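All remarks here apply to the structure that follows.
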Amino acid sequence: MSDRKGLRIKKGEKFSSKISGRNIIAASFEGKLYDLDTTAPSDGIFFPVNVDSQEGLTILRHSAAHLLAHAVTTLYPSALPNAGPPTDDGFYYDIHMDSISSDDLHKIEEKMHELAEKSISIRREEFSRDDLLKMFQGNRYKTDKILENVPPGGSSSVYKQGDFVDFCTGPHVPDTSYLKNVKLLSISSTTYHGLKDEDKMVRIYGTAFPDEKSLRNYLKMREEAMKRDHRIIGQEMDLFVFNSERAPGFPLYTPDGTVIRNELISFMRAKNSEYGWEEVSTPHLFRDSMWKQSGHYAKYRDSMYLFQMEDGTGYAIKPMNCPGHITIFQREMHSFRDLPVKYCEPGTVYRYEKSGEVGGLTRPRMFTIDDGHAFLSQDQLVGEIRKMLRMIRETFDTIFGNADLSFDLSVMDTTALDNYLITYSCNSCGHKIEFRKSSADNSFQCPNCGSSDLKPDLSTWDSATNALREALEEEGINFRTLEGEAAFYGPKIDVHLKDALGRSWQMSTIQVDFNFPLNFELLYITSGGEKKHVVMLHRAIYGSYERIMAILLENYAGNLPTWLTPLQVYITSVSDRYNDYAMKVRDMIQKAGVRVTLDLSKETISKKIKLIRPRRPSYIVIIGEKEETEGTVSVRNRKGAQKTLGTKAFTEMIMEEIRERKNTQADF
RNA sequence: GCCACUGUAGCUCAGUAGGUAGAGCAGCUGACUUGUAAUCAGCAGGUCGGGGGAUCAAUACCCUCCAGUGGCUCCA
């Protein structure tokens, strides 16, 4: 909403008559947006929409998308525009045309600038459905939209700029001169409606800003983000390797990468133990019969690594850790007194992601989940979820320092019950069965009496969903509720983290699971002596070690908190005359448990610093004559600040930084 | 899996309108004894992603496979 104050307007007056200045590009009137050139539909108060506001930017970019289509259709008369919406930070337009190159992209952008310079006015016009269909005949993408959105006998609007016309509800900027600060960013391709067999579309991405400076800032940010790509930083820091011939999609961790991984694992180990999670260790493969029972085989077979032994027995490499934990849980009968049972494991899973879906550490074919499975009674649910929420908060606050987290509660779509595993009760015999209609090949009948008069009973789902909600509320957490986002086997909470560049990443998840307790008969004995299904929770805090490592690298641009940094102290000497002292310093720091490297190579200091920088050591220590005589070290921190410190004082400082897992360094 | 683009030394990248490749950095050897983002010289390093085809001749042209990147779809 605009924070400007409202302006009074009478019915039939043009919004443009009430405002002045190019910053205002539209009017917000009774919750709807209007072109400045249109008139108020009734007396009232309207709010001018500033181009800098979120609404204003969206309008600007939507208009820029039109300009893009205008330029493309001018240069390529046979091109058929489909749709061009604004996005969070720009816009794109899908156009049916022959594929183009980045050279063509420049040409198109030049044409856009040319059209913007001409200040072509952008006019809204209203037409009947029939006229619209006539106007856009020859472009089925547009006529589809007209048929879909305009009721027979109805009318809708088009926007005209020069000889370009687009079917659109608007609003738009008054003329093309508002669109001088546009930039086309990339080309990709898609299909009409994203459907496999539909027409190919060229998708052109771009962005637009009200002024040149903010455009330049955005482009700089974008460049910075590209430089922060964990694949690039990972290579500079020598953390992991992908060998596209031997193991496409599988990360191999170098010694330094393994250091980071191990630090993350041991931190999580400590957190798990603090919160009562017992670590277990499970095999990487199971007989395929197990995966058939769990339902993974039916649903995910094409993305599982399957193989057969000589004798014909089938195996699958695990795509999830749950079965292992379940198998351990099942080794003995559980009393209500045993619950909760909570198993955790840094569990490595393998999923055959499709070729086009693999990429870096964010979408590998092998990843290690900081997995955990809790087996609970219904009344323990809220308490355990609350603990998990606290664990999540503490973990990310440590790693990122006051992490910017957001929480989503994903619940079922109550209008599509067939998609979920739910309880039905038989209206004729009262028998209860668990069923997921959409995935069942067998008939939907009561196994007891054969009746098909079955009534859904949502009490289990409701109580689980309420438990998740209650836990969030009691922890004082703001959250969104997402209808229809629940898994087929239960509701869940997802946690997102906003990184230093403002990007949102999905991290933790807490999922209630009704499927496994049923499929695997996971039972406990209640105080009343009867057998009851446990409630099962899946949870991961980091998500996966691969993902958290990628996010850490990008968030910190590789300059990780010292406790996570592979090379915590890099020492080198000005000349080999000081090597003995340098070795003494190295030994002292090393003895304190700090990861330190002493570089005795006979290069210049400048060169050694130049070469070590991409590895991103936490501290660079230089040793020369002065340091040797004074018993000090010359230290350079992450910010590039230098200070001479007593060797002992420096060692203690860094020890404290590591011990407390600080995510910033002390100021020099 | 689909679409587009890309694939030359460990890394970053040149190059050949078809005549089997070149630089910088890294590596190795030597000289320089050095104060916070490149000291100098030399050496070594590539079956130009794999396979096939047309050509006297392919890294370059065509086909095909593989992989990477950006999207689409998917992500238990």
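Just so it is clear, the model here is predicted, and its values are computed rather than measured. The sequence lines fix the lettering, A, B, ..., with proteins before strands; numbering per chain opens at 1.
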N/O (side chain, [X]) to phosphate O (OP1/OP2, [N]) under 4.0 Å:
X	N	answer
A/Arg231	B/G68	no
A/Lys607	B/C32	no
A/Gln235	B/G10	no
A/Thr604	B/U39	yes
A/Arg577	B/U34	yes

Starting at [atom1] of [X] and ending at [atom2] of [N], how long is that distance when rounded to a whole Å?
X	N	atom1	atom2	answer
A/Asn519	B/A76	CG	P	18 Å
A/Glu357	B/G68	CD	C1'	15 Å
A/Glu236	B/C25	CD	C1'	13 Å
A/Asp599	B/U34	CG	P	17 Å
A/Phe242	B/G68	CZ	C1'	11 Å
A/Asp302	B/C2	CG	P	14 Å
A/Asn243	B/G49	CG	C1'	12 Å
A/Asp94	B/C3	CG	C1'	12 Å

Can you tell which of [options] lies closest to the side chain of [X]?
X	options	answer
A/Ser189	B/C3, B/C75, B/G71	B/C3
A/Lys602	B/A37, B/C75, B/C32	B/C32
A/Ser188	B/C3, B/A37, B/G70	B/G70
A/Ser575	B/A76, B/U34, B/C72	B/U34
A/Glu603	B/G71, B/A38, B/U39	B/U39
A/Met320	B/G1, B/U36, B/A76	B/A76
A/Ser634	B/C74, B/G35, B/A26	B/G35

Using a 4.0 Å heavy-atom cut-off across all strands, classify [X] as base, sugar-phosphate, or nothing.
X	result
A/Thr572	nothing
A/Lys608	nothing
A/Gly356	base
A/Lys354	base
A/Ser573	nothing
A/Glu625	base
A/Val358	sugar-phosphate
A/Glu627	base
A/Tyr92	nothing

[atom1] spacing across the pair [N] / [M], given as an integer number of angstrom:
N	M	atom1	result
B/G68	B/C11	C1'	16 Å
B/G50	B/A21	P	15 Å
B/U6	B/G19	C1'	26 Å
B/U55	B/G18	C1'	9 Å
B/A41	B/U8	P	29 Å
B/C61	B/U29	P	41 Å
B/U33	B/G22	C1'	35 Å
B/A38	B/G27	P	16 Å

For the [atom1] atom of [X] and the [atom2] atom of [Y], what is their distance to the nearest 0.5 Å?
X	Y	atom1	atom2	result
A/Glu625	A/Ser573	CD	OG	13.0 Å
A/Ile233	A/Leu239	CD1	CG	9.5 Å
A/Asp371	A/Ile541	CG	CD1	10.0 Å
A/Ile187	A/Ile204	CD1	CD1	7.0 Å
A/Met507	A/Ser544	CE	OG	8.5 Å

query = Could a donor-acceptor pair under 3.5 angstrom be found where the side chain of A/Arg351 meets the base of B/C74?
reply =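 Check fails, no donor-acceptor contact within cut-off.
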
Donor-acceptor pair under 3.5 Å, A/Arg203 side chain vs B/A4 base = no

Looking at [X] and [Y], does any basic side-chain N land under 4.0 Å from a carboxylate oxygen?
X	Y	answer
A/Asp229	A/Lys227	no
A/Asp408	A/Arg480	yes
A/Arg613	A/Glu236	no
A/Glu198	A/Arg140	yes

query = Where does the angle between the aromatic ring planes of A/His325 and A/Tyr343 fall among parallel (under 30°), tilted (30 to 60°) and perpendicular (over 60°)?
reply = perpendicular

ask   = Which sits closer to the 5' end of RNA chain B, A/Thr191 or A/Val574, going by the nucleotide each is nearest to?
value =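 Its nearest nucleotide lies further toward 5', so the answer is A/Val574.
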
key: 5' precedence on RNA chain B between A/Asp229 and A/Ile623 (nearest-nucleotide basis)   = A/Ile623

ask   = Based on Watson-Crick and G-U pairs with both distances under 3.5 Å, what dot-bracket line describes RNA chain B 5' to 3', crossing pairs as [ ] and inter-strand pairs as |?
value = (((((((..((((.....[..)))).(((((.......))))).....(((((..]....))))))))))))....

query = Do we get A/Arg301 above A/Trp291's six-membered ring, with its NZ or CZ under 6.0 Å from the centre and within 45° of the axis?
reply = no

query = Centre of A/Tyr92's six-membered ring, under 6.0 Å away, within 45 degrees of the axis: is that where NZ or CZ of A/Arg203 sits?
reply = yes

ask   = Quick one: which of A/Phe514, A/Phe488, A/Tyr489 gives a ring-ring contact (aromatic ring centres under 6.0 Å, His included) with A/Trp461?
value = A/Phe514

With 3.5 Å as the limit, what N/O pairs link the protein to nucleotides 61-67 of chain B?
from, atom 1, to, atom 2, distance (Å)
B/A67, O2', A/Ser244, OG, 3.0

